[in-house]
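Below is one structure, written out as structure tokens; comments come after it.
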Amino acid sequence: MSAAAVGCPVFKAMATVRSGRSGHKPPHVLTVAGSDSGAGAGIQADMKACGALGAYCSTVITAITAQNTVGVQGVHVVPEYFVAEQLRSVLSDMDVDVVKTGMLPSIAIVKVLCESLKEFPIRGSSRVDPVMVSTSGDVLASPSILAGFREELLPMADIVTPNLKEASALLGGISLKTIADMQSAAKSIHTLGPRTVLVKGGDLPDSMDAVDIFFDGKEFHELHGERISTRNTHGTGCTLASCIAAELAKGSSMLPAVQAAKTYVGNALRYSKDIVIGRGPQGPFDHLFQLKSHIFNLNSNDHHFNPDDLFLYAVTDSRMNKKWGRSITDAIGAAIEGGATIIQLREKEANTREFVESATACMEICRSHGVPLLINDRIDVALACDADGVHVGQSDMPVSTARLLLGPNKIIGVSCKTPIQAQKAYLDGANYIGCGGVFPTTTKENNPTVGLDGLKTVCLASKLPVVAIGGIGIGNAGDVMGTGVSNLKGVAVVSALFDRECVSAETRRLRSVLMDATSAVKELS
Ligand SMILES: Cc1ncc(COP(=O)(O)OP(=O)(O)O)c(N)n1
Ligand SMILES: Cc1ncsc1CCOP(=O)(O)O
Ligand SMILES: [Mg+2]
């Protein structure tokens with residue numbers, strides 16, 4: 001390919017002209033990039049990724065490329081005056097939240113962009129991601145454009161997301177082979193001006209997982225993701241940057257936006273790892289997998305997860321309900337009456353038909369009270385009754401697969417006993433962690449306890465909210481909440497509520513203990 005190109009920078013922007021019309025303004029990403037005729041990368045990838053994540057995407061086209069799964073056959077560069085005209089058209093009219101740049105095929109176009117971004121002031125968090133070498137290995141940026149990046153674009157950038165080859169090119173061709181190399185590259189690129197840097201390690205040799213390094217000028221974060229074996233990786237860089245832009249446009253801060261973008265790309269690659277488009281070595285992947293994932297796309301009743309829902313988490317047990325002669329619907333009705341804030345159906349003995357029927361009845365009760373209902377272990381049952389989510393353990397379905405099946409809006413909790421499990425839960429897209437058994441219990445056999453110290457260690461390592469479980473009741477719930485770790489949001493209990501004669505009264509008593517304990521912690525802090 002003759003002309004130089006740059007991919008996927010991201011800028012958070014505010015247009016100066018407001019429409020003054022009333023109504024809903026969707027999150028808006030403007031992509032300034034090249035067209036890919038194969039539609040795996042460039043403008044086409046940006047539009048699909050933004051659309052999939054719920055952001056509107058306007059487009060300023062800098063070049064038209066003839067490319068397919070074999071490579072890039074030709075480039076037709078759009079004259080810079082016409083790039084400027086497109087920029088003016090969009091920025092003078094539309095309320096753009098984030099500008100993301102992709103292929104910038106000439107130094108003149110880099111300058112036009114920088115001038116437009118100065119004319120239409122850009123505030124907020126997110127900016128540049130230079131892509132100078134495509135995933136197929138095509139070199140996309142000439143030395144003069146690299147200089148333009150370094151001098152003009154990077155200082156305006158909130159994030160740059162170079163892959164290893166690009167990071168190396170930005171730093172004069174240094175070799176990057178290890179995580180330590182990536183960290184020092186991130187630090188050096190940070191000195192060029194961007195507020196944050198994500199060095200993507202997809203091509204790192206001898207690495208089992210896909211490790212990226214995020215640097216915010218103070219701290220490094222190692223972001224791990226599963227390495228997915230597929231030929232369909234064309235456009236991953238553009239897509240990741242577009243997803244970051246979409247998340248920022250939706251109001252996210254930078255690190256969570258990067259995490260969400262990584263999760264999205266991982267899921268998209270996983271979902272489309274076997275699709276066949278084109279005959280060349282590198283195929284596109286399917287950005288819109290969520291649209292095909294049926295149920296979650298149709299319903300709008302999903303309970304939006306609030307970590308405070310974990311405060312008094314009631315987990316059912318069919319043996320206990322049988323022992324006390326009550327139906328599952330009576331049991332959860334009483335728990336809700338007593339103040340339970342979330343319900344989990346943990347029915348280890350029910351057959352599938354019974355489970356779906358009782359879960360559907362419970363769902364109606366929970367929905368009418370605005371209390372979320374999760375299903376233990378069984379993603380199929382959760383889908384069948386349109387539950388608010390699931391809780392899975394370390395030997396149940398992996399969180400990433402459950403997320404694919406359930407979609408982005410369902411709640412997923414995962415049991416974790418260690419910091420490593422907690423970190424993985426976050427990367428895989430869980431919403432919360434259940435940590436335990438904290439104390440010995442007869443409700444779950446062969447379940448080693450972690451104690452209050454183990455609970456604290458997991459909480460401190462977790463970026464997700466945590467609920468404690470195992471042997472917790474009125475007598476010790478105060479000690480659990482008294483650990484005072486800010487992301488410990490509540491306790492999950494089985495026997496303390498359901499192996500008792502009056503579920504509503506027990507729930508009320510436990511709630512009062514929890515309230516007292518949290519007030520005491522607040523007073524101390
Ligand atoms: C809130 C909560 N935390 C942990 C568990 C345990 O889940 P798991 O480890 O999968 O064990 P089973 O419950 O399936 O026996 C939970 N159910 N809820
Ligand atoms: C499901 C589960 N996971 C870890 S401990 C446990 C059982 C909790 O039951 P109880 O509240 O009766 O101790
Ligand atoms: Mg389980």
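Remember, predicted model here, so these are calculated numbers, not experimental data.
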Give a yes or no on whether the backbone of Leu464 and the side-chain of Asn487 come within a donor-acceptor separation of less than 3.5 Å. yes
I need the Thr59 OG1 to Asp46 CG distance, nearest 0.5 Å. 9.5 Å
Can you find a pair of side-chain heavy atoms, one from Lys273 and one from Asn232, that are under 4.5 Å apart? no
To the nearest 0.5 Å, tell me how far Glu115 CD sits from Leu87 CG. 10.5 Å
Please answer whether the main-chain N or O of Val399 pairs with a side-chain N or O of Asp428 as donor and acceptor at a distance below 3.5 Å. no
Specify whether Tyr313 and His391 have parallel, tilted or perpendicular ring planes, treating 30° as the upper limit for parallel and 60° as the lower limit for perpendicular. perpendicular
Can you classify the ring geometry of Tyr264 versus His287 as parallel (below 30°), tilted (30 to 60°) or perpendicular (above 60°)? tilted
Does Ile420, at its CD1 atom, have more than 12 non-hydrogen atoms belonging to other residues, nucleotides or ligands within less than 6.0 Å? no
Would you please test Ser462 and Tyr426 for side chain to side chain contact (heavy atoms under 4.5 Å, CB included) and show each step? CA-CA 8 Å; Ser462 173; Tyr426 174 67; over 6 Å; no
So do Thr341 and Asp308 actually touch side chain to side chain, heavy atoms under 4.5 Å? no
Salt-bridge test for Lys250 and Glu247: reply yes if a basic N is under 4.0 Å from a carboxylate O, no otherwise. yes
Atom of Asp212, atom of Lys200 and distance for their closest heavy-atom approach: OD1-CA, 3.3 Å
Taking all non-hydrogen atoms of both residues, which atom of Ser400 and which atom of Asn267 are closest, and how far apart? O-OD1, 3.9 Å
Would you say the side chains of Gln394 and Ser415 form a donor-acceptor pair under 3.5 Å? no
For Ser242 and Lys100 the tightest heavy-atom approach is OG-CE, 3.1 Å
Just by distance, do the side chain of Thr69 and the backbone of Pro281 share a donor-acceptor pair under 3.5 Å? no
Take Val371 and Leu373 through the side chain to side chain contact (heavy atoms under 4.5 Å, CB included) test and state the conclusion after the steps. CA-CA 7 Å; Val371 172; Leu373 180 108; over 6 Å; no
Does the distance from a Lys or Arg side-chain N to an Asp or Glu carboxylate O, for Asp181 and Lys177, drop under 4.0 Å? no
Would Lys111 and Glu80 pass as an ion pair if we require N to O under 4.0 Å? no
Set out, in order, the CA-CA distance, both residues' side-chain angles and the distance that settles side-chain hydrogen bond (donor to acceptor under 3.5 Å, both in side chains) for His28 and Ser58, then state yes or no. CA-CA 8 Å; His28 187 145; Ser58 53; 2.7 Å; yes
Check whether any side-chain N or O of Arg150 sits under 3.5 Å from a backbone N or O of Leu192 as a donor-acceptor pair, and report yes or no. no
Step by step, work out the side chain to side chain contact (heavy atoms under 4.5 Å, CB included) result for Asp97 and Leu248. CA-CA 8 Å; Asp97 298 303; Leu248 292 167; over 6 Å; no
Could you tell me the separation between the CG atom of Leu460 and the OG atom of Ser486, rounded to the nearest 0.5 Å? 8.5 Å
Once you round to the nearest 0.5 Å, how far does CD1 of Ile433 lie from NZ of Lys463? 11.0 Å
Within the structure provided, determine whether Asp388 and Arg367 are in side-chain contact (heavy-atom separation under 4.5 Å). yes
Return the OG to CD1 distance between Ser35 and Ile64, rounded to the nearest 0.5 Å. 6.5 Å
Give a yes or no on this: more than 12 heavy atoms of other residues, nucleotides or ligands lie within 6.0 Å of atom NZ of Lys417. yes
Looking at every non-hydrogen atom in both residues, tell me the closest pair between Cys57 and Thr31 and how far apart they are. SG-CG2, 3.5 Å
Verify side chain to side chain contact (heavy atoms under 4.5 Å, CB included) between Met254 and Ile244, making sure each step is shown before the conclusion. CA-CA 8 Å; Met254 191 60 84; Ile244 295 171; 4.2 Å; yes
CD of Gln183 to CZ of Phe220, rounded to nearest 0.5 Å, is 5.0 Å
